[in-house]
Novice: 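One structure, pasted below without further comment.
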2 protein chains.
Amino acid sequence: MSNKQKETIYDIAAKAGASASTVSAALNGTWKKRRISQKTAERIIKIAREQGYTTNNQARALRTSRSGLVALLVPEYNRFFSNIAQTFSQEVRARNLCPVIISTERDPEEERHVVSDLTNWQIDSVFFVGSVAPDDLSRQCQDAAIPHVFLDQPCALAPSVVTDNRAGARMLTEQILASLPPQSGEGLRDQIYFLGGDRTLPSTYNRIEGFSDAMCAQDVALHPSQIIAETYNKDAATRAIEALYAELGGLPRGLFINSDSVFEGTMRFVAGLPEKELRACAFGCFDYEPFGQLLRFPVHMVRQRHRTLVERAFWLLENNSPPVLEQVVPELYPAEF
Amino acid sequence: MSNKQKETIYDIAAKAGASASTVSAALNGTWKKRRISQKTAERIIKIAREQGYTTNNQARALRTSRSGLVALLVPEYNRFFSNIAQTFSQEVRARNLCPVIISTERDPEEERHVVSDLTNWQIDSVFFVGSVAPDDLSRQCQDAAIPHVFLDQPCALAPSVVTDNRAGARMLTEQILASLPPQSGEGLRDQIYFLGGDRTLPSTYNRIEGFSDAMCAQDVALHPSQIIAETYNKDAATRAIEALYAELGGLPRGLFINSDSVFEGTMRFVAGLPEKELRACAFGCFDYEPFGQLLRFPVHMVRQRHRTLVERAFWLLENNSPPVLEQVVPELYPAEF
DNA sequence: CCGCCTTGCACAATCGATGTTGCAAAGCAT
DNA sequence: ATGCTTTGCAACATCGATTGTGCAAGGCGG
């Protein structure tokens, strides 16, 4: 098959006794429109196949100014983003395009830089997941006329698909409330705490709303101090739960954990506690972590529907959606014991 | 800055009162060699910056036949591969190139297809992680003169970097042996089992060797039936441990779990067992899973040094290494209780 | 047999950057 | 002033595929 260097349409043209333009038309499927006879087209296609010809994407992209590349920008490769990436890849490849996945380390400067890089590649479209500075990025894409869509973290200037964080948080909170252990009678410890995330981000904000919704609906009092949402950082989460434990003199009666990283950080401390203390707290985690179901105490979880998120994002993109915000309700995984 | 369409060197040339070739030289740094005066070069660079000019990568790639793209092929996005992807991205971007990460779903056909696709993009080099059919891929790359390197799964035809699975498995097995619970006295149940993986793959093969090494070194008898290594599949792992449990009438005295997916599958069954039974088995997992340390029973783990693997792979690639096999010894994470 | 419409294809321009070649002007020695 | 070397840059061909245009041969009506 492919033996030496790359062949061009000119080589094929010579071998087929046709012109390069005819070969091009035959191979890219436009031959009908270009009034090339079926016989000629088939002959050329056969020869091209025999020679193992494949088209030079740069040349095509240069001419058509469409690269056939679709980019996904993720902050990092955690479980959730990796799932998104996986689904994204499948969808892109199903469309005969090439997925380009880049992590930006949550750095706005890096995000800008990557987008400008992608612009130079004449990227067909861009999916932003959990971007730090959506508005800037959207403007950048608009300037370059690149269709784009936001996932997980919405943008007012472009179509966005996000998890219905409020509904999810409400579901999770209700589940926590439904499985509360008996009261300890020690005041603060009988409260339910919300831990982790960044309250300045819409996702965290909405989860806090959902949390409050559920509490209100059941007439449970809620004081601002019960919401500890400064960061998604794992180590910070460990410190936060330690501090809370020290302050309350034990675990609270319920704990809403706002992401897998916070979950991991929290568990690092919590897992060392005696069985009895663990049983005195109802845990919920807004993220799905399979091992969470295998701990020695129940943890309710909420899982984002990553496939749906990606599919809807494609739909919006391919239908030239205006800047709408779509919300996808997540799934509840109640602990089984 | 960037207001409308993309500018070309011709636009800049017009604005600078110079020719396109001069602009090109000024902007890509070859102006000294091309005997462009420093004054002219600086003037052009200044104008280009003001206009927010950025170069069209397709055009450059077409002309130079170097794309500036570096690809990573992964089977899927699990924890290990995602870590590799993360490190890979950082290294590539540090070199001012563009990382392209593609998952092939462990499908040899898909692998071939992707490589041929990448060839058409004039990819600068390719990293294969855990490939199914390394030899074919290597030949494909050689035909296209694409430098490439294999990680995790070695290839005889190209430089490869893999974890020293044998040494790692030996370390892990020794740790299991060192923490064995007291004998039950019930024959088969006092044995140690190796679970998961695919014995036809070098990685599994070498881990089995390491497992045997450690057993031999301590004069522990080992029968072929103690090695159950047909697949990495999660569900199959659940079934396998269930079957083993049924056959032995309980957990074995020690269990070597060969990967995170198998770990997850095994735990799905095991986590439901009573505390006492769990304490009667020493668990080791050849993969690192943070939640593994938080289970209600100790699990020793071995963690592959993904950063080192990637760094060595780059080194081999950039130094035009012949087809050598480099082994990186993994890290042992003994359970803490 | 003549004009006219298809059919079938070749030609050539083009996308934007690179790099080779050529050619003035400047510098220098004699 | 003459000849020779440098310096500084513009012209032009090129990478490979796409696409607008032109033109010949064939078909058909009158």
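Order of the sequence lines sets the chain letters (A, B, ...), proteins ahead of strands, with each chain counted from 1.
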Novice: Let's see if you can work this out: which of C:dA10, C:dA17, D:dC23 has an atom nearest to the side-chain heavy atoms of A:Ser21?
Specialist: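 Closest nucleotide to the A:Ser21 side chain: C:dA10.
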
Novice: Does a distance-only test, which skips hydrogens and angles, find a donor-acceptor pair under 3.5 Å between the side chain of A:Thr64 and the base of D:dA17?
Specialist: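 A donor-acceptor contact between them is absent.
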
Novice: What nucleic acid atoms does B:Ala18 come within less than 4.0 Å of, heavy atoms only: base, sugar-phosphate, or nothing?
Specialist: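 Since only primed, P, OP1 and OP2 atoms lie under 4.0 Å of B:Ala18, the category is sugar-phosphate.
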
Novice: May I have the distance from A:Asn120 (atom CG) to C:dC15 (atom C1'), rounded to whole angstrom?
Specialist: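 After rounding, the gap between these two atoms is 15 Å.
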
Novice: Looking only at N and O atoms, is any donor in the side chain of B:Arg34 or the base of D:dT7 less than 3.5 Å from an acceptor on the other one?
Specialist: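 Absent.
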
Novice: Would you indicate, yes or no, if D:dA10 has its OP1 or OP2 atom less than 4.0 angstrom from a side-chain nitrogen or oxygen of B:Thr22?
Specialist: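 Looking at the OP1 and OP2 atoms of D:dA10, one of them is under 4.0 Å from a side-chain N or O of B:Thr22.
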
Novice: How close or far is atom P of C:dC5 from atom CZ of A:Arg35, stated in whole angstroms?
Specialist: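 About 13 Å, once rounded to whole Å.
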
Novice: Decide if the gap between the ring center of B:Phe81 and the ring center of A:Tyr77 is smaller than 6.0 angstrom.
Specialist: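 No, they do not, as the ring centres are separated by 6.0 Å or more.
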
Novice: When all nucleic acid strands are considered with a 4.0 Å heavy-atom cut-off, which category describes A:Arg60: base, sugar-phosphate, or nothing?
Specialist: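 Sugar-phosphate contact only - A:Arg60 comes under 4.0 Å of backbone atoms but never of a base.
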
Novice: Report yes if at least one side-chain N or O of A:Ser24 is closer than 4.0 Å to OP1 or OP2 of D:dA17; otherwise report no.
Specialist: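 For D:dA17, OP1/OP2 do not have a side-chain N/O of A:Ser24 under 4.0 Å.
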
Novice: Specify the separation, in whole Å, of atom CD1 of A:Ile36 and atom P of D:dT19.
Specialist: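 Whole-Å distance recorded here is 13 Å.
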
Novice: Considering residues, nucleotides and ligands other than B:Arg106, do more than 12 of their heavy atoms fall under 6.0 Å from its CZ?
Specialist: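 Enclosed: over 12 neighbouring heavy atoms sit under 6.0 Å from CZ of B:Arg106.
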
Novice: Taking the nucleotide of DNA chain D with the nearest heavy atom to each, does B:Leu62 or B:Thr40 sit closer to the 5' end?
Specialist: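 Its nearest nucleotide lies further toward 5', so the answer is B:Thr40.
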
Novice: Any side-chain N or O of A:Ser37 under 4.0 Å from OP1/OP2 of C:dC9?
Specialist: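 Checking A:Ser37 against C:dC9: at least one side-chain N or O falls below 4.0 Å of OP1 or OP2.
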
Novice: What is the distance from NZ of B:Lys33 to C1' of D:dT6, rounded to the nearest Å?
Specialist: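 About 18 Å, once rounded to whole Å.
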
Novice: For A:Ile44 and D:dA17, what is the distance between atoms CD1 and C1' respectively, to the nearest whole Å?
Specialist: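 Going from A:Ile44 (CD1) to D:dA17 (C1'), I get 14 Å.
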
Novice: Check the surroundings of atom CZ in A:Arg66: do more than 12 heavy atoms from other residues, nucleotides or ligands lie under 6.0 Å from it?
Specialist: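 Atom CZ in A:Arg66 is not crowded, with 12 or fewer foreign heavy atoms closer than 6.0 Å.
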
Novice: Sub-3.5 Å donor-acceptor pair from the side chain of B:Thr87 to the main-chain atoms of B:Asn83, do we have one?
Specialist: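 The answer is yes, because a donor-acceptor pair under 3.5 Å joins these two groups.
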
Novice: Nearest-Å distance, NZ (A:Lys32) to P (C:dC9)?
Specialist: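 Taking NZ of A:Lys32 and P of C:dC9, I get 14 Å after rounding.
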
Novice: Is there side-chain contact between B:Phe314 and B:Val92, with at least one heavy-atom pair below 4.5 Å?
Specialist: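 In short, these two side chains touch, coming nearer than 4.5 Å.
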
Novice: Take atom CD of B:Gln51 and atom C1' of C:dG16, then tell me their distance rounded to the nearest Å.
Specialist: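 Value for this atom pair: 17 Å.
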
Novice: Report yes or no: is the cationic atom of A:Arg312 (NZ for Lys, CZ for Arg) closer than 6.0 Å to the six-membered ring centre of A:Trp315, at no more than 45° off its axis?
Specialist: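 Geometry flag: set, cation within 6.0 Å and 45°.
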
Novice: With DNA chain D as reference, determine whether B:Ala41 or A:Asn57 sits nearer its 5' end, using the nearest nucleotide of each.
Specialist: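 Nearest nucleotide further toward 5': that of B:Ala41.
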
Novice: Can you find a side chain N or O atom of B:Tyr53 that sits less than 4.0 Å from OP1 or OP2 on C:dA17?
Specialist: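 Result: yes.
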
Novice: Quickly work out the A:Tyr10 OH to C:dA12 P distance and round it to whole Å.
Specialist: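 Between P of C:dA12 and OH of A:Tyr10: 12 Å.
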
Novice: So what does B:Ala25 hit on the nucleic acid, given a heavy-atom distance under 4.0 Å: a base, only sugar-phosphate, or nothing?
Specialist: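 Touches nothing.
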
Novice: Identify whether any heavy atom of A:Thr8 sits under 4.0 Å from a base atom; if not, whether one sits that close to sugar-phosphate; answer base, sugar-phosphate or nothing.
Specialist: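 A:Thr8: backbone/sugar contact only, no base atoms under 4.0 Å.
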
